[in-house]
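In what follows, every chain begins at residue 1, and chains take the letters A, B, ... in the order their sequences are listed.
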There are 2 protein chains.
Amino acid sequence: MNHKKRAVTIQDVAKAAGVSVSTVSRVLNGKIDVASDTQDRILAIIGDLGYTSNLAARSMRSYKKNLIGLVVPDIGFPYSIEIMKGVNRAIAESNFDLLLYTTGDIQKNGTDLHEQHYVSLLNNSITDGVIIVASAAAEFITNAPIVAVDPHVVNPNYPSVQGTNYHGSLEVMEYLIGQGHRRIGFISGRQDVGSAGRRLKGYQDALANAGIDLDEGLITPGDFTQKIGYKYARQLLKLSNPPTAIFAANDQSAIGVFEAAEELGLRIPEDLSVVGFDNISEAKYLGLTTVDQFLADMGYVAVQMLIKLIGGELLELETYKMQTKLVERTSCQKLIQTAY
Amino acid sequence: MNHKKRAVTIQDVAKAAGVSVSTVSRVLNGKIDVASDTQDRILAIIGDLGYTSNLAARSMRSYKKNLIGLVVPDIGFPYSIEIMKGVNRAIAESNFDLLLYTTGDIQKNGTDLHEQHYVSLLNNSITDGVIIVASAAAEFITNAPIVAVDPHVVNPNYPSVQGTNYHGSLEVMEYLIGQGHRRIGFISGRQDVGSAGRRLKGYQDALANAGIDLDEGLITPGDFTQKIGYKYARQLLKLSNPPTAIFAANDQSAIGVFEAAEELGLRIPEDLSVVGFDNISEAKYLGLTTVDQFLADMGYVAVQMLIKLIGGELLELETYKMQTKLVERTSCQKLIQTAY
DNA sequence: TTTTTTTCTGAAAGCACTTTCAGTTTAGCA
DNA sequence: TGCTAAACTGAAAGTGCTTTCAGAAAAAAA
C-alpha cells in the first residue's frame, strides 16, 4: 500500500524495445553508435511508458548531473528571496537545474556544522556544485566546487561574491552627515555575520572622518529582523537626546524603525531620517533610502562562477566584489537647524 | 583535476574502524544490535573523516528519504514566494528537508509535460513525495504521493489545496457594486490557469446578479504580470467611457493598473478604484484592496497533507478549500455620482 | 560443563543506472 | 568475392549504500 506502483525502469524500456539496457542507456545519453531507427523506437517506448531515469542511480555512476545546489538559511527572508531571483535567472539561462536545500531552522542550531553537512551531502551525491548563501564557515571539505554569496568571513578559502559593505556604509554616513545630521543612531545586524560588522565599522569610521564624537549610546544591538529593529528604534527615539537620523543595518530593521516612528508620532523624513541596507523590494514602496547590494546580481554572478568551475575552467577572480550603490528615496531630509 | 578528492565513503569508515560496512550502516541508521563501544568508536571516526552518506546511494536502497520535493514554476514570482514561505514553515516544524525544483523556463515550453517529468523524476528517485504548485496536469503517474497547491483543474485526480477563487471574486464585485460602481473593468489572468477562469466567472456572475449588463469591452486579456496589467489598464482607461473601477485578476496586474493610472494622471481611489487578488506582501505598502488567498497557509497545509500521505495515513479531505477573505485597504472609494 | 538464548558482526545480494570491453553485423572498397 | 573498417549491440562490472541471512561470540540457563 505504501509504495504503490513500482517505477518504470530502464530495464522495462529495454525489454519492451527488445534491446539491452546498455542500448537504452546510450540513446538516453545521446551517445554515438546506435542505429537511428532503434533510437526512434526506444524513444517512442520511453514516451509511452512515461519513463524517467532514476536521479539517484544516475548520479551514482556519472559525474555529470546538471544539477546545482543552493543552500539558503531561510527562504522566507526578503534577503534570500532577492538572491534566489538572480540564481533562478542564471539557471534559466543555463542547462542546469536547481536544487534548493534548506532546513528552515537556522535559528535553532548554530549554522556552521549544518552548512558543512549540507554542502557535502549535496556535493558528494547529486549536485555538480553548490552555492551557499551567508555561510559562516571559513572552509569547506567537498569534492565538487562551491561558491559563496555574502559569506561571513572576508577572506574565505573558497570563491565568493561579496558586496562592498564597508564602502556602502561609509557612503550612507557621508550622505547623512552631508545633510547636517550629527546624532545618527545605528541599529546593528547580527553579531556573527561578517557584513554586519563591516557596516558598523563604516559607521564608526565615517563619524571619525567627519570629526564627530562617537556616542556609544546611539549604537544598539540588532539581528536583522523587523521586530528587533522596532524594539531598538523605540529605545533610541525615547532617549532624552534622540538621534535625528537612524541608519539600520538592513532594510528589515529599517522597516521596524518606520513602525516605531509612526507609533511615536514622528514623521519620516520631517522628524526623522532613516536609511536601510539591501534594497529589498519593499523598500521602493516605503520610499526608504537604502544601499542597493544588487543581491539578485550576486546570485546571478555566483551561478556563472560555479558553472565555470564545474566546467573545469579557472576563475579570473576568486572573490567577486559587487559594488554597492546608494539609492536615494524619500526617507531622508536635510536637518533643519533647531536652536539649542 | 576535475573531481578533486574522492568523497569519503562508508567503506573508508569501516576500514578505519576495523569493522564491516554493514556494521557502520547499522549505527548510521540507528538499528539495534551493535555494541555501544563499537558504536562510539564508529561515530567518532565518522566525525573525524567528515563522512556524509551519499544521498543518491542511500535513496536507491531505502524507501525513506525524509525529503520533500517542491516543484514551482518560477521562484521569482511573489505568488510562488508566498507559497514557499508557508512550505518552509511547515518543513521547519517537521523532520523533513526540502528539495526545491525549478527549471526557470516555464515561459518557453508548455508546462504540462515538464511537470509530469519533474514529478516522476523526484518521486521515483530521491523524494518521499512532492508538492506541485499551479500544476496544469489533471493526473500524475507517480509512485510516491503528491499534493497540489492551486492546481489549474478543479477536480484533479490528486489531493490538492485550493482557494475559493469564485467566491472571492464574487465578494470583490459585490463590494465594488455596493460602492456604486457600475462600469467595472476586469483584467484577466492567464487563460490556461483554472483559477483565472473562476475569477472571471465570479466577475460575470456578480454583474448578472446585480442586474448590470455585461460590457465585453471592459474585459481584457491578461497574463498575471505587471507589464501586461499596465498595458490593458491603459487601454481600459483610454476608453471613451472608461470604467470607474478595475478588478485585476491578481495583485501584480493591479500594480500595473497603478502604474497606468499614475501615468494618466488619475488618482487612486479618487478617480479610480482598484482591486487585486492574492494579497502579496507588496499590496500592503500600496494600500491595495485585494483578496487574501492565504497562499502561505496553502503551502503550509499542503506540506502537512503530504506528510500524512507519506506516513501512509488517509486524508479526511482530498481537496482542502482555503477560504479567501477580502482585505479592505485604501484603493477603493464610494463612487461619487457625476452628472450624466 | 553443556545447552540455549541473546547479542553482535560480516558476506553477499540487490537497487537502477553508466560504461567499458568485446563481439557481431553491415558497409566500403578493391 | 574477400578483406578491412565502421556501425551497432550486449554482457558484465562497478557505483555507495541497505538489508537479509547466517554464523560467531558472549551471556544466561540448565
Whole-Å distance between [N] [atom2] and [X] [atom1]?
{"X": "A/Ile10", "N": "C/dG14", "atom1": "CD1", "atom2": "P", "value": "19 Å"}
{"X": "A/Asp12", "N": "C/dA16", "atom1": "CG", "atom2": "P", "value": "9 Å"}
{"X": "A/Leu28", "N": "C/dC17", "atom1": "CG", "atom2": "C1'", "value": "10 Å"}
{"X": "B/Arg26", "N": "D/dC21", "atom1": "CZ", "atom2": "P", "value": "14 Å"}
{"X": "B/Asp40", "N": "C/dC8", "atom1": "CG", "atom2": "P", "value": "12 Å"}
{"X": "B/Ile46", "N": "D/dC17", "atom1": "CD1", "atom2": "P", "value": "10 Å"}
{"X": "A/Gln39", "N": "D/dT9", "atom1": "CD", "atom2": "C1'", "value": "13 Å"}
{"X": "A/Ile126", "N": "D/dC17", "atom1": "CD1", "atom2": "C1'", "value": "15 Å"}

Fill in: Of the listed nucleotides C/dC17, C/dT20, D/dG16, the one nearest the side chain of A/Arg58
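Minimum distance to the A/Arg58 side chain belongs to C/dC17.
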Worksheet item: Any idea which of C/dT18, C/dT9, D/dC17 is nearest the B/Asn54 side chain?
Response: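 From the listed options, D/dC17 comes nearest.
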Practice prompt. Could you tell me the separation between the CE atom of B/Met305 and the CG atom of B/Leu315, rounded to the nearest 0.5 Å?
Written response: 4.5 Å
Worksheet item: Between A/Asp128 (side chain) and A/Leu67 (backbone), is there a donor-acceptor pair under 3.5 Å?
Response: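 Yes, the answer is positive, given that a donor and an acceptor are paired below the 3.5 Å cut-off.
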Worksheet item: On DNA chain D, nearest-nucleotide positions of A/Thr23 versus B/Val24: which is more 5'?
Response: A/Thr23
Worksheet item: Starting at the 5' end of DNA chain D and moving along, which residue's nearest nucleotide shows up first, A/Ser20 or A/Ala57?
Response: A/Ser20
Worksheet item: Would B/Val303 and B/Phe96 count as a side-chain contact (heavy atoms from CB on, under 4.5 Å) if you check the C-alpha gap in whole Å, the side-chain angles of each, and the deciding distance to 0.1 Å?
Response: CA-CA 10 Å; B/Val303 172; B/Phe96 284 83; over 6 Å; no
Worksheet item: Taking everything shown except A/Tyr51 itself, do over 12 heavy atoms lie less than 6.0 Å from its OH?
Response: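 More than 12 within 6.0 Å, yes.
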Worksheet item: In terms of side-chain geometry, is the basic nitrogen of A/Asp74 or B/Arg89 positioned less than 4.0 Å from the acidic oxygen of its partner?
Response: no
Discussion item. Does A/Val19 reach a base, just sugar-phosphate, or nothing at all? Heavy atoms under 4.0 Å.
Written reply: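 Sugar-phosphate: the residue A/Val19, judged by heavy atoms under 4.0 Å, touches backbone atoms but no base.
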Practice prompt. Ignoring hydrogens and angles, answer whether the base of C/dA11 and the side-chain atoms of B/Ser22 contain a donor-acceptor pair closer than 3.5 Å.
Written response: yes
Worksheet item: Would you say C/dT18 has OP1 or OP2 under 4.0 Å from some side-chain N or O of A/Ser25?
Response: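 The answer is yes; a side-chain N or O of A/Ser25 sits under 4.0 Å from OP1 or OP2.
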